[in-house]
Amino acid sequence: MPCTTLLVGRKATDDGSTIVARNEDCGNGSFNAKSMVAVAPEDQPRTYTGVNSHLTIELPDNPLRYTCVPNTDKADGVWGEAGINVANVSMSATETISTNARVLGADPLVTYQPAVGKPGDADYQPEKPGGIGEEDMVTIVLPYIKSAREGVLRMGELLEKHGTYETNGVAFGDENDVWYIETVGGHHWIARRVPDDCFVAQPNRLGIDRLDLRDALGEGRDNLCSADLPEWMAANHLDVTPGDPDASGDTVCGIPSVFNPREAFGSYTWLDIVYNNPRAWYICSVLAEDAGAFGGAFGTTGGAGSATAVYGPESMDIPWCMKPKVKVSAMDVKNILSSTYDGTIYDPYGLQGTEESRDRFRDIGINRTCECSVLQVRPRAPKAARGVQWVSFGSGPFNTAIAMLTNVKAVPAYLDTTDDVNTDSFYWTNRLVAALGDPEYFDNMEAISAYQQQTIAAGYASIAEVDATLAGGGCNPDDMDDAASIKVMEQANEKLVALVQKQNTALLGSVLFVRSLNMKNAFGASDH
């Protein structure tokens, strides 16, 4: 299973923005080339058919313009993954999550069934389309929502109507709220609003650990769910938790009105121990207000060895949301999603621990990350420039993030990836840097770190310059379609990408030089 999600509420960020971020990781043994595009309303389909599910959906009229990061090769579908629309709503889809057999028995996944036999034969059975999946979700949801909460409701409506063939978590953000929705079986779902002063570290496991059914089925202020969730749970004996003691015995259809969905719907397997829980543990050990509960941050021996540690990397009950010890920036999020348990005995590039410990857990910044989008919606910025998609391609420890203002009609060509390896491509250059730089990690990290710092700093400078320009007159930054504002942002994006391309090419030359020096067939007369 791929992907790691990190969500941050507006009161937990350095600039008051909401942050929705995720590594999109390829499946084991694969690497998907990605591009970044801006989709105009006229290019949005009105009838959509999924490649994997064969499901056809009629889409609403009047879609919004939006950005996304689709697969370069569309043979397996769009896979738009992450973006921001002109209503300044962000969406990340999806975090593949795990559930259990009791849930899937009670509400099976809706999988594609190919036709059996030939038309006209007595035993012919026509194909049965599957439900919606990751390849579809950004395309069929993001252009039609004007708030994060609307995103959850549209997503829920589609799940209830069409079902899904996989278990996923999807995140939405606007200038006020961040919401996270998880699928439960084929047609059911739950969602929570991330508290404004908290962050969420979400690996490939069903994560929500508290749901208030009274709120979800009533006002829906901080909780939402499918309309028949408690009835379905009761009929299938899915609640296994004692409930929240603060709920005072209150129940809905016999289900505690406040319960733990992770215990009811989630998985508790060895795969969670080595693949999922360690990522949540590390993120919390770096960010959490009570980092000591996770064994501290950098320099920890692994959490369990600390006298103050409550949670270790194998803990099954790491809280879904926590307050950070300091306010979090987009740069922090990018760095954490690129990490390999830095400073711990589990770091594959580190010197602590043993060979076994350094290869024990699945990294956050893994080799098969194809893209990472850190989606910011900035309420204090001019309206036209509130959406920023910090986009990275390739493996996180070796790449940078480019701060792309999203209210544009065109994206720089350097982010339009070709199917073939090409050093005029942000994606392919980053892939080459990572593959060449990995064997001599320490020899290359000074150059890579300098590249990352300089390019991310340039991103912040670009954003600040655009904000000042839009606020300085000559534009109407309250109008998302203002041609002058869009031109300013497109020019800023082009200027920043040109800088990154130049530095990326230089970095490729640097790591190539180091790798070439250490080839096995190296020999010099001065060696003897």
Side-chain angles (χ1 to χ4, degrees), residues 1-5 20 22-28 30 32-34 39 44-45 47-60 66 68-83 91-100 103-104 107-115 127-145 151-172 179-191 202-207 226 265-267 368 370-371 373:
M1 294 184 291
C3 305
T4 306
T5 292
V20 168
R22 179 174 59 92
N23 284 348
E24 180 197 352
D25 302 332
C26 302
N28 193 33
S30 64
N32 292 337
K34 304 294 294 189
V39 181
Q44 176 70 6
T47 300
Y48 175 87
T49 300
V51 172
N52 291 297
S53 66
H54 294 213
L55 174 68
T56 296
I57 300 173
E58 296 300 321
L59 296 176
Y66 65 101
C68 64
V69 279
N71 284 2
T72 297
D73 183 351
K74 305 296 191 303
D76 291 324
V78 178
W79 300 82
E81 296 300 325
M91 177 180 180
S92 176
T94 68
E95 181 72 30
T96 304
I97 60 174
S98 58
T99 185
N100 62 60
V103 168
L104 297 180
D107 183 8
L109 297 175
V110 184
T111 57
Y112 168 67
Q113 303 294 320
E127 72 171 13
K128 293 182 179 180
I132 61 175
E134 181 172 352
E135 68 158 296
D136 318 308
M137 290 182 182
V138 166
T139 304
I140 65 176
V141 175
L142 184 56
Y144 309 104
I145 58 176
V152 171
L153 294 175
R154 174 162 175 79
M155 189 79 248
E157 179 183 6
L158 290 167
L159 288 168
E160 291 175 16
K161 182 177 181 179
H162 301 290
T164 182
Y165 58 84
E166 56 191 7
T167 51
N168 283 311
V170 178
F172 299 93
W179 279 86
Y180 182 66
I181 177 174
E182 294 184 310
T183 64
V184 181
H187 300 83
H188 292 84
W189 56 275
I190 57 175
Q202 180 68 53
N204 300 121
R205 185 184 178 209
L206 193 140
S226 42
F265 308 138
S267 62
R368 47 189 167 85
C370 50
E371 64 87 18
S373 287

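No hydrogens, no waters, no symmetry mates; every other heavy atom, side chains included, goes into these values.
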Student: Side chains of Val184 and Val103: closer than 4.5 Å at any heavy-atom pair?
Tutor: yes
Student: Quick check: do Met91 and Val20 have side-chain heavy atoms less than 4.5 Å from each other?
Tutor: no
Student: Indicate the atoms forming the closest heavy-atom contact of Thr47 with Glu58, along with that distance.
Tutor: OG1-OE1, 2.8 Å
Student: Under the salt bridge (Lys or Arg N to Asp or Glu O under 4.0 Å) test, which residues partner Glu24, sequence neighbours left out?
Tutor: Lys34
Student: Are the side chain of Asn204 and the backbone N or O of Ile97 linked by a donor-acceptor pair below 3.5 Å?
Tutor: no
Student: Any donor and acceptor pair, going by atom type alone, linking the side chain of Thr183 with main-chain N or O of Asn168 inside 3.5 Å?
Tutor: yes
Student: Between Arg368 and Asp25 (side chain of the first, backbone of the second, donor and acceptor by atom type, cut-off under 3.5 Å), is there such a pair?
Tutor: no
Student: Please report the closest heavy-atom contact between His188 and Asp107, naming both atoms and the distance.
Tutor: ND1-OD2, 2.6 Å
Student: Residues two or more places apart in sequence or in another chain: which of them pass side chain to side chain contact (heavy atoms under 4.5 Å, CB included) with Gln44?
Tutor: Val39, Arg46, Leu59, Pro63, Tyr66, Thr139, Pro143, Tyr144
Student: What residues, two or more places apart in sequence or in another chain, satisfy side chain to side chain donor-acceptor pair (under 3.5 Å) together with Thr5?
Tutor: Glu95
Student: Just jot down the side chain to side chain donor-acceptor pair (under 3.5 Å) partners of Thr99, sequence neighbours excluded, or say none.
Tutor: none
Student: Does Arg154 use its side chain to pair, donor to acceptor, with the backbone of Leu142 at less than 3.5 Å?
Tutor: no
Student: I want to check something: taking the side chain as every heavy atom from C-beta on, are Val51 and Lys74 in contact at a cut-off of under 4.5 Å?
Tutor: no
Student: With side chains defined as the heavy atoms from C-beta onward, is the minimum distance between His54 and Lys128 less than 4.5 Å?
Tutor: no
Student: Check whether any side-chain heavy atom of Arg205 lies under 4.5 Å from a side-chain heavy atom of Ser267, and answer yes or no.
Tutor: yes
Student: Donor-acceptor pair, distance only, cut-off 3.5 Å: does the side chain of Asn100 make one with the backbone of Phe265?
Tutor: yes
Student: Looking only at heavy atoms, which two atoms of Ala93 and Val170 are closest? And how far apart?
Tutor: CB-CG1, 3.9 Å
Student: Applying side chain to side chain contact (heavy atoms under 4.5 Å, CB included), name anything that partners Glu160, two or more places apart in sequence or on another chain.
Tutor: Trp189, Ser226
Student: Got a sec, which residues hit salt bridge (Lys or Arg N to Asp or Glu O under 4.0 Å) with Glu182, two or more places apart in sequence or on another chain?
Tutor: none
Student: Take a 6.0 Å sphere around CD of Glu127 and say whether it holds more than 12 heavy atoms from other residues, nucleotides or ligands.
Tutor: yes
Student: Go through the steps to decide whether Thr96 and Glu134 satisfy the test side-chain contact (heavy atoms from CB on, under 4.5 Å), and finish with yes or no.
Tutor: CA-CA 9 Å; Thr96 304; Glu134 181 172 352; 4.0 Å; yes
Student: Could I get the full list of side chain to side chain donor-acceptor pair (under 3.5 Å) partners for Ser92, not counting sequence neighbours?
Tutor: Arg22
Student: Tell me, please, which residues at least two apart from Thr56 pass side chain to side chain donor-acceptor pair (under 3.5 Å).
Tutor: Thr49
Student: With sequence neighbours left out, what residues match Val110 under side chain to side chain contact (heavy atoms under 4.5 Å, CB included)?
Tutor: His187
Student: Heavy atoms only: give me the nearest Ser53-Tyr112 pair and the separation to one decimal.
Tutor: O-CD1, 3.5 Å
Student: State, yes or no, whether a side-chain contact exists between Thr164 and Leu158 at a heavy-atom distance under 4.5 Å.
Tutor: no
Student: State which residues pass side chain to side chain contact (heavy atoms under 4.5 Å, CB included) with Asp76; sequence neighbours excluded, sorted by chain then number.
Tutor: Trp79
Student: Could I get the full list of ring pair (Phe, Tyr, Trp, His ring centres under 6.0 Å) partners for Tyr48, not counting sequence neighbours?
Tutor: none
Student: Please determine whether side-chain contact (heavy atoms from CB on, under 4.5 Å) holds for the pair Ile181 and Leu159, giving the CA-CA distance in whole Å, both sets of side-chain angles, and the decisive distance to 0.1 Å.
Tutor: CA-CA 11 Å; Ile181 177 174; Leu159 288 168; 4.3 Å; yes
